[in-house]
Amino acid sequence: AKALSPEVEEARRRAEEARLQANKDAAERQARENAEKRRRMEEAGSKGRDAKALSPEIEQLRRETEEKRLAEKAAYEQRRQEERARELQRIKLASSQGRDQKSLSQDLENARAERERQRLEDNQRSKERLREENEAFKKKLALAASSGRDAKALSDEVNQARKLAMIQRQSEAQQNALVRSIEASKFSQSLKQVRGRDEKALSPQIEQLRAETAKKRLADKAQYEERQRQQRQQEIERLRLASSKGRDPKSLSGELEMYRAEREKRRLEDNARARDDLARANQERILRLKHAGSSGRDVKGLSEEVLQARAEREAMRLAEKEEATRRQMREVAEYQQRIAMAGSQGRDSKGLDPDIEAERQRIREQKVADERSRAERERQENAAYRQRLATAGAQGRDQKGLTEEVERERRAKEQNRLLDKQRAAERMMSENMQFQERLREAAAQGRDEKGLSDEVQRLRMDKEAERVSQKMAAARRLSQENALRRGKIMGSGPKIPGRPNTASHGLGFSQITGMERER
């Protein structure tokens with residue numbers, strides 16, 4: 001009356017059958033793998049391979065394994081991309097929800113669209129104007145380079161290097177401009193996706209602060225463009241003066257050197273001011289966003305999770321931008337240091353310092369000495385290897401023969417492994433018997449409301465006895481197969497006088513361990 005219900009009994013029976021079937025399938029699969037391994041070892045032993053050769057089947061298996069690994073890696077990357085796309089889609093959907101009829105008025109929407117269109121037009125006009133100025137500047141440079149230099153000007157190699165450097169700087173500037181435009185478009189898109197604010201969301205103080213910041217940004221941009229135009233005009237004037245007077249290949253006038261130093265100093269100061277302005281603008285923008293997030297939203301605004309995500313993304317963007325700025329400063333400093341070093345050494349095409357020449361010569365001599373020592377070491381190793389091969393051949397052993405010490409060590413390790421395995425099997429059998437004894441004692445003492453029926457107990461004991469017998473039979477069969485395989489391997493090669501027959505020793509040990517296990 002206190003036994004389990006028939007449904008629970010049936011569920012347990014099905015679970016036990018599934019477990020036994022899984023164990024049986026695993027044993028069959030292991031047996032097939034062992035048979036395949038034995039077949040490959042027999043084929044490899046019958047073909048007389050050397051120390052490094054592999055059979056065609058193993059080579060094919062390796063290729064199939066590598067192809068499978070690459071396919072799994074590609075599938076994993078594809079899954080990662082799909083998961084990332086789904087995650088981005090979920091984030092986009094989550095950010096687009098939560099707006100009601102009071103989100104934004106139509107007039108405010110139209111005003112925002114008009115401001116965005118005007119901003120894009122201004123950016124396009126600025127880019128076109130800057131491109132026209134650059135083209136005019138390039139034409140002036142080409143004209144000055146083609147007509148104003150005498151025979152003492154720079155060499156063709158130096159001119160080519162300067163042109164390549166100029167092209168590289170222009171490409172970097174275009175890339176930086178593209179990155180800035182992408183960041184600006186992303187930021188504008190993120191502003192467009194801001195949901196949950198009506199016409200009364202922002203206070204008049206915030207609106208006024210935004211307008212002042214926009215005016216200040218436009219003024220700074222105009223000042224920057226004006227400085228750029230003045231610098232280009234000054235550069236053109238310096239090129240005109242240099243082309244009219246002629247230049248020596250290794251010397252510059254004191255006025256020109258002083259002018260270069262002043263220009264470099266002004267450029268560094270401008271860069272420092274630009275970085276300070278950018279950091280200050282970013283800080284002000286962060287403060288405005290915090291202020292708008294704390295006071296300018298009504299009860300139907302964005303959730304705390306969305307605000308947290310936005311703040312984390314903004315902090316990550318600023319950190320990346322700061323890291324890029326530091327990296328650019330390091331590159332500029334290294335470039336300036338190289339220019340200063342080259343200027344102090346003279347400006348011919350291939351001139352080097354005597355110390356550098358001596359260092360180069362020392363490095364070349366060191367390379368030659370290292371190569372000779374390596375060749376000598378390889379020659380000695382090859383001679384020693386040939387001597388070992390000759391000694392092994394004189395003793396009557398093939399290339400796979402091992403020394404007596406290695407053979408003894410291998411036999412000792414194999415014996416220890418078999419003994420450990422036998423002790424583990426005996427310990428497991430003892431534990432199983434103790435477990436069965438505890439089960440019988442529990443059954444003899446009576447069952448509570450969770451006890452099992454006599455049929456289930458009998459079925460479990462029969463299944464456990466069958467599992468233990470199958471496991472012991474598999475262990476004995478595997479031990480016998482290993483003993484036969486070991487006898488084949490150890491018995492290969494010619495008989496050496498004074499050396500014991502390793503095959504008989506291996507077979508005798510396997511027979512003894514098998515008898516002990518059966519007993």
Side-chain angles (χ1 to χ4, degrees), residues 1-40 61 64-65 67-69 71-87 89-90 93 417-483 513-519:
K2 294 183 179 180
L4 298 178
S5 62
E7 292 80 3
V8 177
E9 293 288 349
E10 181 65 23
R12 287 194 173 188
R13 186 183 60 80
R14 287 197 299 268
E16 184 66 20
E17 291 177 355
R19 186 182 66 81
L20 294 175
Q21 183 64 30
N23 293 338
K24 183 179 179 181
D25 295 340
E28 293 177 355
R29 184 169 60 254
Q30 184 67 29
R32 288 195 300 270
E33 292 177 357
N34 291 336
E36 180 65 21
K37 182 178 179 181
R38 288 194 300 271
R39 185 184 62 81
R40 291 198 301 268
L61 182 61
E64 293 176 357
T65 304
E67 293 175 358
K68 182 179 179 181
R69 185 184 67 80
E72 292 177 353
K73 185 177 180 181
Y76 173 75
E77 294 295 337
Q78 183 67 23
R79 288 197 304 272
R80 289 286 296 172
Q81 293 179 3
E82 293 175 357
E83 292 175 359
R84 181 59 180 167
R86 288 196 296 268
E87 182 180 358
Q89 185 67 22
R90 288 196 301 271
L93 291 176
R417 187 184 66 81
L418 292 176
L419 289 175
D420 293 340
K421 189 172 182 181
Q422 181 182 359
R423 285 193 292 268
E426 292 176 354
R427 184 172 59 254
M428 184 178 293
M429 184 180 294
S430 176
E431 292 175 356
N432 291 333
M433 292 176 65
Q434 293 175 4
F435 179 69
Q436 293 296 331
E437 184 65 25
R438 289 197 302 270
L439 288 178
R440 285 193 294 270
E441 292 177 359
Q445 292 175 2
R447 297 194 305 268
D448 55 1
E449 59 182 4
K450 294 183 180 179
L452 301 177
S453 61
D454 296 334
E455 291 78 5
V456 176
Q457 289 284 354
R458 197 162 42 249
L459 180 61
R460 285 193 172 187
M461 293 177 64
D462 295 340
K463 293 296 185 181
E464 184 66 22
E466 183 181 357
R467 185 181 66 81
V468 173
S469 62
Q470 290 179 358
K471 188 172 183 180
M472 295 301 298
R476 286 195 297 270
R477 185 171 61 254
L478 183 61
S479 178
Q480 293 174 2
E481 292 173 356
N482 290 335
T513 53
M515 292 172 63
E516 290 289 339
R517 190 178 294 105
E518 291 176 359
R519 186 172 60 187

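Side chains included, hydrogens not; waters and symmetry mates left out as well; all remaining heavy atoms used. Nothing here was measured: the structure is a model prediction, and the numbers come from that model. Starting from 1, each residue takes its place in the sequence as its number.
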Inset, instruction - Check salt bridge (Lys or Arg N to Asp or Glu O under 4.0 Å) between Arg84 and all other residues, then give those that pass, not counting sequence neighbours. - result: Glu87

Legend entry - Rounded distance (nearest 0.5 Å) linking atom CG of Asn432 with atom CD of Glu464: 5.5 Å

Inset, instruction - Taking only Lys NZ, Arg NE, NH1 and NH2, and the carboxylate oxygens of Asp or Glu, determine whether Arg423 and Asp420 approach each other closer than 4.0 Å. - result: yes

Legend entry - With sequence neighbours excluded, residues passing salt bridge (Lys or Arg N to Asp or Glu O under 4.0 Å) with Glu67: none

Legend entry - No-hydrogen, no-angle side-chain donor-acceptor test under 3.5 Å, Gln81 and Glu77: no

Legend entry - Backbone of Ala475 reached by a side-chain donor or acceptor of Ser479 within 3.5 Å: no

Legend entry - Any donor-acceptor pair under 3.5 Å from Ser469 side chain to Ala465 backbone: yes

Inset, instruction - Could you list all the salt bridge (Lys or Arg N to Asp or Glu O under 4.0 Å) pairs where at least one residue sits in residues 13-26, not counting sequence neighbours? - result: Glu10-Arg13, Glu10-Arg14, Arg13-Glu17, Glu16-Arg19

Inset, instruction - For residues Glu28 and Arg32, determine if any side-chain heavy atom of one lies less than 4.5 Å from a side-chain heavy atom of the other. - result: yes

Legend entry - Lys471 side chain near Met429 side chain, heavy-atom distance below 4.5 Å: no

Legend entry - Set of residues satisfying salt bridge (Lys or Arg N to Asp or Glu O under 4.0 Å) with respect to Arg438, sequence neighbours excluded: none

Inset, instruction - Please say whether more than 12 non-hydrogen atoms of neighbouring residues, nucleotides or ligands are located less than 6.0 Å from CZ in Arg80. - result: no

Inset, instruction - Could you tell me which residues satisfy side chain to side chain contact (heavy atoms under 4.5 Å, CB included) with Met461, sequence neighbours excluded, listed by chain and number? - result: Gln436, Arg440

Legend entry - Value rounded to 0.5 Å, distance of CG in Asn482 from CZ in Arg417: 6.0 Å

Inset, instruction - Can you sort out the partners of Arg458 under salt bridge (Lys or Arg N to Asp or Glu O under 4.0 Å), two or more places apart, ordered by chain and number? - result: none

Inset, instruction - For Glu64, enumerate each residue passing the side chain to side chain donor-acceptor pair (under 3.5 Å) test, keeping only those at least two apart in sequence or located in another chain. - result: Gln60

Legend entry - Partner residues of Glu7 under the side chain to side chain contact (heavy atoms under 4.5 Å, CB included) criterion, sequence neighbours left out: Ser5

Legend entry - Partners passing side chain to side chain donor-acceptor pair (under 3.5 Å) against Gln30 (at least two apart in sequence or in another chain): Asn34

Legend entry - Under the side chain to side chain donor-acceptor pair (under 3.5 Å) test, residues paired with Arg69 that sit two or more places apart: Glu66

Legend entry - Contacts of type side chain to side chain donor-acceptor pair (under 3.5 Å), residue Gln78, not counting sequence neighbours: Glu82

Inset, instruction - Compare all side-chain heavy atoms of Arg12 with those of Val456 and state whether any distance is below 4.5 angstrom. - result: no

Inset, instruction - List for me each residue that meets side chain to side chain contact (heavy atoms under 4.5 Å, CB included) alongside Lys37, sequence neighbours excluded, and say none if there are none. - result: Arg40, Met41

